[in-house]
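A quick write-up on the structure given underneath.
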Amino acid sequence: MDQPDRARTTQWMFQYNPEIYDPEGWVKQRLIDDWTMYRHRDLVRVGQRIYFMRSGGQTAGITAVGRVGSLVYEKPEEADRHSRYWIDIVYDQFVVPPLMRPEMLQDPVLRDYKPYALGLHFSAFPLPPEVAARTEELVRGRLRPIRESDARTAKRIFVSHSHEDDAFGVRLVSDLRRELGGGEDAVWYDSSGGLRGGDAWWAEIRRQVEARHIFVVILSPAAMQSKWVSDEVDMAWRLLHSKQRTRIIPVLYRPCTPRLDLQIIQQISFLEPTSYEAAFRDLMAAINLTD
């Protein structure tokens with residue numbers, strides 16, 4: 001089989017340490033996450049199935065199923081080459097009860113597959129076709145979709161912007177709040193866009209960024225010149241690399257050259273010829289509020 005055919009049919013097992021990663025908890029705040037992808041990254045294609053396997057001896061097991069949500073991208077700030085390459089992943093379903101290692105060891109197909117039977121050091125494994133087919137068969141009756149209502153009510157968004165883009169920002173935030181079914185608690189938006197000063201004001205900005213797991217930044221020439229927007233993005237990047245794992249979503253409102261760290265994240269473009277309605281649907285999909 002040639003390489004392109006193998007890539008199209010590849011399914012993955014992503015192994016995670018439950019002391020560091022918590023997919024079961026994270027999906028309450030976000031259904032999209034990022035994952036390191038150093039080995040086998042040439043095989044990555046959007047839409048490929050992922051089985052998430054908790055490590056831990058006899059407590060190891062497949063707990064969730066998802067899919068690849070992006071092509072491989074780089075985080076140039078990462079000095080370690082093994083931590084430089086990433087993909088976005090989407091959590092789709094829980095496996096209830098999980099497919100545990102003792103059950104795998106009793107299965108004639110899975111028991112000889114070392115990443116399942118023993119657990120190996122690496123985190124991402126392209127599954128052999130027979131292992132992928134058997135895994136799919138065993139989890140089929142255990143899949144429990146993540147309820148949209150739970151995901152909606154748990155999503156809280158911070159919108160960073162320049163006051164010069166308020167006309168667009170107010171409309172966007174109003175639509176986001178309508179979709180989320182909430183007011184300021186669902187989407188926080190400083191209508192002054194950085195015009196207010198003082199320690200108390202900045203402390204509130206910092207508190208709101210820290211309290212929300214989705215950070216939307218409206219990109220425009222004015223925003224890229226704004227000290228406040230820059231400081232807010234800096235905070236979001238620190239939270240992205242913390243246990244909180246804040247998700248950053250750039251929204252392109254006017255043509256501009258974003259700062260370098262925003263250029264490596266997929267943008268949602270509201271520029272013509274894309275209509276506002278079509279771009280907003282793309283934003284909802286990125287937040288994972290639509291199929």
**Request:** Classify the angle between the aromatic ring planes of Tyr276 and Phe280 as parallel (below 30°), tilted (30 to 60°) or perpendicular (above 60°).
**Result:**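 Parallel, since the angle between the ring planes stays under 30°.
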
Practice item. Determine, for Arg134 against Glu137, whether the closest basic-nitrogen to carboxylate-oxygen distance falls under 4.0 angstrom. Key: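 A salt bridge links Arg134 with Glu137.
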
What distance separates [X] [atom1] from [Y] [atom2], expressed to the nearest 0.5 Å?
X: Thr10; Y: Arg45; atom1: OG1; atom2: CZ; value: 8.0 Å
X: Leu99; Y: Asp107; atom1: CG; atom2: CG; value: 8.0 Å
X: Glu136; Y: Arg49; atom1: CD; atom2: CZ; value: 5.0 Å
X: Lys75; Y: Arg84; atom1: NZ; atom2: CZ; value: 12.0 Å
X: Ser70; Y: Gln266; atom1: OG; atom2: CD; value: 7.5 Å
X: Ser160; Y: Leu219; atom1: OG; atom2: CG; value: 9.0 Å

Could you see if [X] belongs to whatever hydrophobic cluster contains [Y]? Use Ile, Leu, Val, Met, Phe, Trp, Tyr and a side-chain cutoff under 4.5 Å.
X: Leu138; Y: Leu143; result: yes
X: Met37; Y: Val46; result: no
X: Ile50; Y: Tyr73; result: no
X: Ile62; Y: Met100; result: no
X: Ile268; Y: Leu71; result: no

Are the aromatic rings of Tyr189 and His161 close, with centres under 6.0 Å apart?
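Yes, ring centres under 6.0 Å apart.
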
Side-chain touch [X]/[Y], heavy atoms, less than 4.5 angstrom:
X: Leu283; Y: Asp175; value: no
X: Leu176; Y: Met284; value: yes
X: Ile87; Y: Phe14; value: yes
X: Trp188; Y: Arg156; value: no
X: Met13; Y: Thr135; value: no
X: Met53; Y: Met104; value: yes
X: Glu130; Y: Tyr113; value: no
X: Arg259; Y: Ser230; value: yes

Let's go through Arg207 and Glu210 carefully: what are the C-alpha distance in whole Å and the side-chain angles of both, what is the deciding distance for salt bridge (Lys or Arg N to Asp or Glu O under 4.0 Å) to 0.1 Å, and is it a yes or a no? CA-CA 5 Å; Arg207 187 181 74 83; Glu210 291 174 340; over 6 Å; no

Legend entry - Test: Arg41 cationic atom under 6.0 Å from Tyr38 six-membered ring centre, within 45° of axis: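 The answer is yes; both the distance and angle limits are met.
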
Would you say [X]'s side chain and [Y]'s backbone share a donor-acceptor pair under 3.5 angstrom?
X: Arg111; Y: Ala117; answer: no
X: Arg54; Y: Thr59; answer: yes
X: Arg177; Y: Ala186; answer: no
X: Thr274; Y: Phe270; answer: no
X: Ser220; Y: Ala223; answer: yes
X: Ser55; Y: Tyr16; answer: yes
X: Arg144; Y: Phe94; answer: no

ask   = Please walk me through it: do Asp190 and Phe158 pass side chain to side chain contact (heavy atoms under 4.5 Å, CB included)?
value = CA-CA 9 Å; Asp190 171 28; Phe158 183 98; over 6 Å; no

Could you give me the CA-CA distance, side-chain angles and deciding distance for Arg171 and Glu277, then say whether salt bridge (Lys or Arg N to Asp or Glu O under 4.0 Å) is met?
-> CA-CA 12 Å; Arg171 179 184 181 186; Glu277 291 73 19; 3.5 Å; yes

Minimum heavy-atom distance between [X] and [Y], given as atom pair plus value:
X: Val209; Y: Ala236; result: CG1-N, 4.4 Å
X: Leu252; Y: Gln267; result: CD2-OE1, 3.7 Å
X: Arg67; Y: Gly47; result: CB-O, 4.1 Å
X: Val95; Y: Ala64; result: CG2-N, 3.8 Å
X: Arg142; Y: Pro97; result: CD-O, 3.2 Å
X: Ser269; Y: Ala279; result: O-CB, 3.3 Å

task = Please indicate whether Glu272 has more than 12 foreign heavy atoms, meaning atoms of other residues, nucleotides or ligands, lying under 6.0 Å from its CD.
result =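 No, CD of Glu272 has 12 or fewer neighbouring heavy atoms, counting only those of other groups under 6.0 Å.
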
Testing Leu172, Val170, Asp166 one by one against Phe168 for a side-chain contact (heavy atoms from CB on, under 4.5 Å), which residue passes?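 Between Phe168 and the candidates, side-chain contact (heavy atoms from CB on, under 4.5 Å) is satisfied uniquely by Leu172.
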
Which is it for Gln263 and Thr257 under the side chain to side chain contact (heavy atoms under 4.5 Å, CB included) test, yes or no, and what are the steps along the way?
CA-CA 8 Å; Gln263 293 181 32; Thr257 302; 3.8 Å; yes

Practice task
Begin from the C-alpha positions of Val159 and Val251 and carry the test side chain to side chain contact (heavy atoms under 4.5 Å, CB included) through to its verdict.
Solution key: CA-CA 10 Å; Val159 177; Val251 166; over 6 Å; no

Using the rule given for salt bridge (Lys or Arg N to Asp or Glu O under 4.0 Å), can you reason through Lys227 versus Asp231, listing the C-alpha separation, both sets of side-chain angles and the distance that settles it, and then say yes or no?
CA-CA 6 Å; Lys227 173 187 181 300; Asp231 288 347; 2.7 Å; yes

Identified ring-ring contact (aromatic ring centres under 6.0 Å, His included) counterpart of Trp35 within the set Trp12, Tyr85, Phe52: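 With Trp35 as partner, ring-ring contact (aromatic ring centres under 6.0 Å, His included) holds for just one option, Phe52.
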
| request: Let me see the working for Arg247 and Asp88 under side chain to side chain contact (heavy atoms under 4.5 Å, CB included), right down to the final yes or no. | output: CA-CA 10 Å; Arg247 179 165 175 78; Asp88 290 337; 3.9 Å; yes

